[in-house]
Amino acid sequence: MQTFYERVWGLMKRIPCGRVTTYKELAKALGSKAYRAVGNACHNNPHAPVVPCHRVVNSNGCIGGFASGTKKKIRMLRQEGVQVQNGKIVGFEKVLFKFR
DNA sequence: TATTTGACCAAGA
DNA sequence: ATCTTGGCCAAAT
């Protein structure tokens, strides 16, 4: 039996490069409204590189938080082709990945 | 078992 | 536009 966190990490792994998703979408994909628990899963993410937690942002298109510093998160996103300006995603709707 | 704590969200004032 | 409030859920304490 997996914990909720493990399910979250499993989903995050399928986020493609150059795309981002939101805590809300992740929770919805799990059939739950545990946005906050998803955030906790990232903060306590023990699978550093395997799980791309930097591709998860707030539902309003803002970067949100990052344990190693928001600045770093932004840099990684830009490196993958996601434009970020003033702490917000540029063309948010275009790069947003939903777990259809 | 009960309370607290978040990398959250949406609606109101 | 900013601030407050209530809701939401899993894990840790």
Side-chain angles (χ1 to χ4, degrees):
Chain A
M1 183 55 183
Q2 291 182 98
T3 66
F4 183 85
Y5 284 10
E6 292 183 62
R7 276 180 283 177
V8 173
W9 297 324
L11 272 183
M12 284 198 287
K13 274 190 289 192
R14 17 189 296 209
I15 306 173
C17 276
R19 291 297 190 85
V20 295
T21 193
T22 68
Y23 298 97
K24 187 173 163 188
E25 284 299 326
L26 279 164
K28 199 162 60 174
L30 292 173
S32 172
K33 303 170 191 170
Y35 331 110
R36 311 190 72 149
V38 173
N40 288 343
C42 292
H43 190 214
N44 293 296
N45 170 21
H47 314 273
V50 271
V51 175
C53 41
H54 57 275
R55 295 183 191 148
V56 186
V57 298
N58 294 18
S59 59
N60 62 339
C62 291
I63 287 302
F66 198 58
S68 311
T70 312
K71 208 64 182 163
K72 200 111 180 194
K73 182 171 181 178
I74 294 176
R75 198 155 52 233
M76 284 191 284
L77 285 174
R78 294 190 64 119
Q79 190 176 342
E80 295 187 347
V82 180
Q83 301 174 306
V84 181
Q85 252 174 52
N86 199 19
K88 299 153 210 136
I89 303 287
V90 179
F92 179 52
E93 304 232 353
K94 303 181 194 301
V95 297
L96 179 58
F97 176 75
K98 299 173 186 176
F99 302 87
R100 315 224 170 189

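Numbers restart at 1 for each chain; the letters A, B, ... are given by sequence-line order, proteins then strands. What you see below is based on every heavy atom in this structure, not just the backbone, and it leaves out hydrogens, waters and symmetry mates.
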With no angle test and no hydrogens, is the base of B:dA7 tied to the side chain of A:Tyr23 by a donor-acceptor pair under 3.5 Å?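 By the distance-only test, yes, there is a pair.
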Can you check whether any acceptor in the base of C:dC9 is under 3.5 Å from a donor in the side chain of A:Arg36, or vice versa? no
Return whichever of A:Glu6 or A:Tyr35 has its heavy-atom-nearest nucleotide of DNA chain C closer to the 5' end.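 The residue closer to the strand's 5' end, by nearest nucleotide, is A:Tyr35.
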Rounding to a whole Å, what distance do you find between [X]:[atom1] and [N]:[atom2]?
| X | N | atom1 | atom2 | answer |
| --- | --- | --- | --- | --- |
| A:Phe66 | B:dC8 | CZ | C1' | 17 Å |
| A:Phe4 | C:dA11 | CZ | C1' | 11 Å |
| A:Lys33 | B:dA11 | NZ | P | 13 Å |
| A:Glu25 | B:dC9 | CD | C1' | 13 Å |
| A:Asn44 | B:dG6 | CG | C1' | 9 Å |
| A:Leu26 | B:dG6 | CG | P | 21 Å |
| A:Asn45 | C:dA10 | CG | C1' | 16 Å |
| A:Asn40 | C:dA10 | CG | P | 11 Å |

Separation between the [atom1] atoms of [N] and [M], rounded to whole Å:
| N | M | atom1 | answer |
| --- | --- | --- | --- |
| C:dC8 | B:dT5 | C1' | 14 Å |
| C:dG7 | B:dG6 | C1' | 14 Å |
| C:dG6 | B:dA7 | P | 22 Å |

So do A:Phe99 and A:Ile15 actually touch side chain to side chain, heavy atoms under 4.5 Å? yes
Quick check: do A:Glu80 and A:His54 have side-chain heavy atoms less than 4.5 Å from each other? yes
Do the side chain of A:Arg55 and the main chain of A:Met12 share a donor and acceptor less than 3.5 angstrom apart? no
Sidechain-backbone polar pair: A:Trp9 side chain, A:Ala41 backbone, donor-acceptor under 3.5 Å: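 Side chain of A:Trp9 to backbone of A:Ala41: a pair is present.
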List the atom of A:Thr21, the atom of A:Leu96, and the distance in Å for their closest heavy-atom pair. CA-CD1, 3.6 Å
Compare side-chain N and O positions of [X] against OP1 and OP2 of [N] and report whether any pair is under 4.0 Å apart.
| X | N | value |
| --- | --- | --- |
| A:Thr3 | C:dA11 | yes |
| A:Asn58 | B:dC9 | yes |
| A:Ser32 | C:dC9 | no |

Most 5' of A:His54 and A:Lys24 on DNA chain B, judged by nearest nucleotide: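 It is A:His54 whose nearest nucleotide is closer to the 5' end.
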Sugar-phosphate only, base, or nothing, as touched by A:Ala37 at under 4.0 Å among non-hydrogen atoms: base
